[in-house]
Amino acid sequence: MSIEVRNLTKTFGSFTALRDVSFTVTSGELVALLGPSGSGKTTLLRTIAGLEAPDAGSVLFDGDDATERSPKDRRVGFVFQHYALFRHMTVFENVAFGLRVRPRAERPSDGEIRRKVDELLALVQLEYLGDRYPAQLSGGQRQRVALARALAVEPRALLLDEPFGALDAKVRQELRRWLRRLHGQIHLTSVFVTHDQEEALELANRVVVMNDGTIEQDGTPEEVVEHPATPFVMNFVGNVNMFHGRVQAGKALLGPLALQYPAHESAEARSASGYTRPHEIEITRSEDGSGLWATVSDVRRTGAIVKMELSDERGGLIQVELGRDQFDRLHPSTGERVYLKPKRVRVFMHE
Amino acid sequence: MLTASRKRSGVLPGFGLTLGFTLLYLSLLVLIPLAGLPIRSTSMGWEAFWQTVSDPRVTSSYRLTMTTSFLAACINGLFGLIVAWVLVRYRFPGRRFVDAAIDLPFALPTAVAGITLTTLYAPNGWLGRPLAKLGIPVVFTPSGITIALIFIGSPFVIRTLQPVIQDLDVELEEAATSLGAGRWQVIRRVILPYLFPAWLTGVALAFARAIGEYGSVVFIAGNMPMRTEITPLLIVTKLEQYDYAGATAVALVLLVMSFALLLMINLLQGWTERRIAH
């Protein structure tokens with residue numbers, strides 16, 4: 001099912017959670033809503049599910065206006081961050097819930113419910129835990145029960161609110177991979193909310209970056225990483241080094257850096273900032289005029305990459321990440337003065 | 001080995017001390033006074049004991065006390081649930097005032113409650129007059145006793161349910177709704193099973209309180225032997241006639257009946273709670 005959101009606005013008292021938000025999810029997509037807390041991403045998800053009524057705007061399912069439809073009739077599966085399992089029911093009964101509450105005429109027989117639930121429990125790899133109560137399961141298992149329960153009603157779309165937020169790193173990795181495979185199997189239109197950029201980039205076909213109730217960028221993971229539309233996206237999706245300065249007459253003068261900037265040919269100076277990622281900086285010992293000198297202040301090896309902190313001539317902090325091999329070839333020591341050469345700087349003019 | 005020779009103790013210190021205190025406290029204040037009941041009543045001999053407790057006036061008082069207490073507990077169970085729900089879930093002007101008023105039956109001297117209720121429900125009272133016109137006498141009937149018992153038992157269900165309703169996550173209702181459940185199905189399949197253990201506690205407390213209630217009932221009951229005479233009143237009557245053994249015999253039976261009922265409720269609760277324990 002495709003989902004279209006048109007000009008949604010939602011306020012809670014004096015707080016505006018959504019400001020005129022519009023976007024579309026085509027059928028079968030796996031979309032991430034990425035943003036910091038308070039950016040409105042959960043409100044947007046809950047509005048699609050019908051758990052929140054918008055102040056203005058509409059939600060369309062396959063082109064039909066569903067804004068006024070009750071969540072009961074939307075046939076949209078919702079997975080809550082804290083699972084919201086019914087703890088007085090067994091895992092089996094939790095999954096069967098959506099089938100048992102159907103009107104008598106549509107309700108499957110007991111045998112059919114059993115077959116269906118067993119099938120779903122096998123899908124989420126919990127076939128032997130049907131008799132347990134939620135309290136007896138681990139976090140990852142509970143999350144999968146919540147997913148099976150949402151899938152039992154054969155939803156037309158699946159909405160997940162911070163699905164891995166409450167789990168530890170290892171389990172999160174596993175579940176992420178598993179969810180990706182599952183989506184490959186059943187191709188159900190899915191939208192999930194996350195504040196973890198890595199999770200969004202790794203899992204989704206498309207990433208919608210939100211900030212302060214608006215959409216900052218809507219694109220593929222590659223677009224978001226390689227071509228961030230705004231400084232916010234640049235900052236939020238990964239670490240950055242920032243250089244403040246101005247653009248004038250086709251040139252950007254950002255502190256110690258001087259670059260060509262053809263986007264602003266006018267002679268009028270405008271203030272601007274340049275951003276570069278830690279892995280986009282090269283380190284050498286010889287100056288070639290396009291970079292800056294800095295002193296190594298800290299070196300940390302974290303597996304495949306080495307994270308370095310340096311301070312430039314004015315004492316500003318610069319982060320650099322090198323591959324292990326690259327680092328070992330050069331082997332700069334703490335306190336040494338090295339020459340930094342950004343391979344790529346993205347410049348954003350200030351409004 | 002160091003670890004083997006060391007006595008294993010719990011993580012929390014002071015188990016011995018706190019258990020000792022608990023036992024001493026319970027013994028001095030609860031167990032010893034209660035033990036006095038069987039000891040005192042055995043002094044009268046089995047024959048006399050049986051004669052006292054099987055006296056028709058006594059058995060009819062047991063029946064009256066148990067039925068009115070049970071009825072009052074049930075009514076409190078139903079309305080207490082609704083009141084607790086409204087107080088926790090909705091915001092309305094005067095909510096705090098109503099919330100504070102819930103505890104009044106605890107604070108009011110029971111005799112004051114009894115006299116007030118009697119005045120209200122008497123055939124010439126505010127509420128008694130219209131009821132009398134409809135041919136429903138309240139004062140000096142079992143209904144009057146039940147009303148008094150409802151009054152004094154009302155805080156129990158409300159106060160035990162409030163924190164549980166507060167903890168009831170709205171997400172559960174949302175989850176059930178998004179799975180296609182209607183409002184009534186959410187209440188029946190999700191909310192009520194959650195509240196059941198606490199609700200049962202509240203009802204049991206209200207019931208236990210009603211069985212022992214004396215002050216508020218004696219005025220509205222009229223205390224006619226065989227008709228509106230409750231067991232606690234019978235015990236007091238026997239005491240006033242210096243029939244201590246008879247009084248303790250009647251009390252002992254009441255105690256055993258109450259204990260059996262509360263034990264049953266507790267077992268039922270343990271059974272439901274074990275399934276949803278953490």
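Numbers restart at 1 for each chain; the letters A, B, ... are given by sequence-line order, proteins then strands. All values below come from the heavy atoms of this structure, side chains included, with hydrogens, waters and symmetry mates left out. Predicted model, so just to flag it, every value in this text is computed and none were measured.
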So does [X] have more than 12 non-hydrogen atoms from other groups sitting under 6.0 Å from [atom1]?
X: B/F106; atom1: CZ; value: yes
X: A/D131; atom1: CG; value: no
X: B/F97; atom1: CZ; value: no
X: A/R104; atom1: CZ; value: no
X: A/Y128; atom1: OH; value: no
X: A/F23; atom1: CZ; value: yes

Next on the checklist: Could you report the tightest heavy-atom contact between B/T177 and A/P71, atom names first, then the distance?
Outcome noted: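 Reported closest heavy-atom pair: CG2-CG, 3.8 Å.
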Checklist outcome for this item: Note: A/V153 and B/L179 closest approach over all heavy atoms is CG1-O, 3.6 Å
Checklist entry - Judged by atom type as modelled, is there a donor-acceptor pair below 3.5 Å linking the side chain of B/Y194 to the main-chain atoms of A/F86? => result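 No, B/Y194 side chain to A/F86 backbone: no donor-acceptor pair under 3.5 Å.
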Checklist entry - Distance-only, no hydrogens or angles: does the B/E171 side chain make a donor-acceptor pair with backbone N or O of A/A84 under 3.5 Å? => result no
Next on the checklist: Could you walk me through whether A/F97 and B/R189 satisfy the side-chain contact (heavy atoms from CB on, under 4.5 Å) test, starting with their C-alpha distance in whole Å, then the side-chain angles of each, then the deciding distance to 0.1 Å, before giving a yes or no?
Outcome noted: CA-CA 9 Å; A/F97 185 87; B/R189 287 174 178 266; 3.9 Å; yes
Checklist entry - Who wins among A/Y83, A/F78, A/F80 for the most heavy-atom pairs under 4.5 Å with chain B? => result A/F80
Checklist entry - Can you tell which of A/R102, A/R74, A/R149 has the highest number of heavy-atom pairs within less than 4.5 Å of chain B? => result A/R149
Checklist entry - How about A/H88 and B/F196: do any of their side-chain heavy atoms sit closer than 4.5 Å? => result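 No - every pair of side-chain heavy atoms lies 4.5 Å or more apart.
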What part of [X] lies closer than 4.5 angstrom to a heavy atom of chain B: side chain, backbone, both or neither?
X: A/A150; result: backbone
X: A/R46; result: side chain
X: A/L85; result: backbone

